[in-house]
Amino acid sequence: MKIAISSDHGGNNLRKEIMSLLDELNISYQDFGPQSDDSVDYPDFAKPVADGVSNGEFDRGILICGTGIGMSIAANKVKGVRCALVHDVFSAKATRCHNDSNVLAMGERVIGPGLAAEIVKTWLGTEFEGGRHARRIEKITELEG
Ligand code: RB5
């Protein structure tokens with residue numbers, strides 16, 4: 001599995017924590033920055049991750065900003081991206097089982113690194129259930145036009 005990851009300045013610290021976790025888990029990833037703590041615009045950093053998942057270069061994406069909200073809104077504008085904003089382990093599992101989410105957004109100002117790590121492990125380790133949920137994903141895809 002190949003992951004694309006980025007944040008804005010509000011998510012820099014948590015992004016580094018999650019990259020360390022991915023290293024520990026031996027999961028390959030590409031870091032799309034930012035490489036400084038300067039204030040940046042989150043859509044600029046959501047784009048390469050969302051595009052990379054949309055075009056199949058990456059299997060999954062992880063986006064972090066202060067709340068996770070801006071990143072999730074931006075990522076969901078890209079065709080083929082199903083970005084879930086998640087701050088609890090139950091939702092991390094459910095959004096993989098039911099929504100086949102391919103991008104995970106989290107807010108560094110909302111949760112701590114311990115919970116974020118559990119969310120990432122659960123989200124990466126849970127398979128889509130398919131069945132009736134696949135029909136619903138097809139209907140989401142139809143909404144993209
Ligand atoms: C940046 O201050 C903040 O607005 C951003 O990280 C994010 O929370 C936006 O949704």
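Whatever order the structure lists them in is the order used to number ligands and atoms, beginning at 1. For clarity, every value in this text was computed on a predicted model and none was experimentally measured.
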Whether the side chain of Glu108 engages the backbone of Asn13 through a donor-acceptor N/O pair (distance < 3.5 Å, no angle test) should be reported.
yes
Is it the case that ligand 1 has an N or O less than 3.5 angstrom from some N or O of [X]?
X: Tyr42; result: no
X: Gly70; result: yes
X: Gly68; result: no

Looking only at heavy atoms, is any part of Met71 under 4.0 Å from ligand 1, and if so is it the side chain, the backbone, or both, or is it neither?
neither
Just which atoms of ligand 1 are under 4.0 Å from any heavy atom in [X]?
X: Asp8; value: 1 (C), 5 (C), 6 (O)
X: Gly66; value: 5 (C), 6 (O), 7 (C), 8 (O)
X: His9; value: 1 (C), 2 (O)

Could you check Ile119 against Ile111 for side chain to side chain contact (heavy atoms under 4.5 Å, CB included), going step by step and ending with a plain yes or no?
CA-CA 10 Å; Ile119 287 168; Ile111 53 171; 3.8 Å; yes
Closest protein heavy atom (residue, atom, distance) for atom 7 (C) of ligand 1
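Protein heavy atom with the smallest distance to atom 7 (C) of ligand 1: Cys65 SG, 3.4 Å.
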Side chains of [X] and [Y]: does their closest heavy-atom pair fall under 4.5 Å?
X: Leu124; Y: Arg60; answer: yes
X: Ile18; Y: Tyr29; answer: no
X: Asp8; Y: Leu63; answer: no

Specify whether His133 and His98 have parallel, tilted or perpendicular ring planes, treating 30° as the upper limit for parallel and 60° as the lower limit for perpendicular.
parallel
Within the structure, does at least one protein heavy atom fall under 4.0 Å of atom 2 (O) of ligand 1?
yes
Does Arg109 have a heavy atom less than 4.0 Å from any atom of ligand 1?
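Under 4.0 Å: yes for Arg109.
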So is Glu108 touching ligand 1 or not, going by heavy atoms under 4.0 Å?
no
Just by distance, no angles: are the side chains of Thr126 and Arg96 close enough, under 3.5 Å, to form a donor-acceptor pair?
no
Residue pair His87 / Leu85: nearest heavy atoms and the distance that separates them
CE1-CD1, 3.6 Å
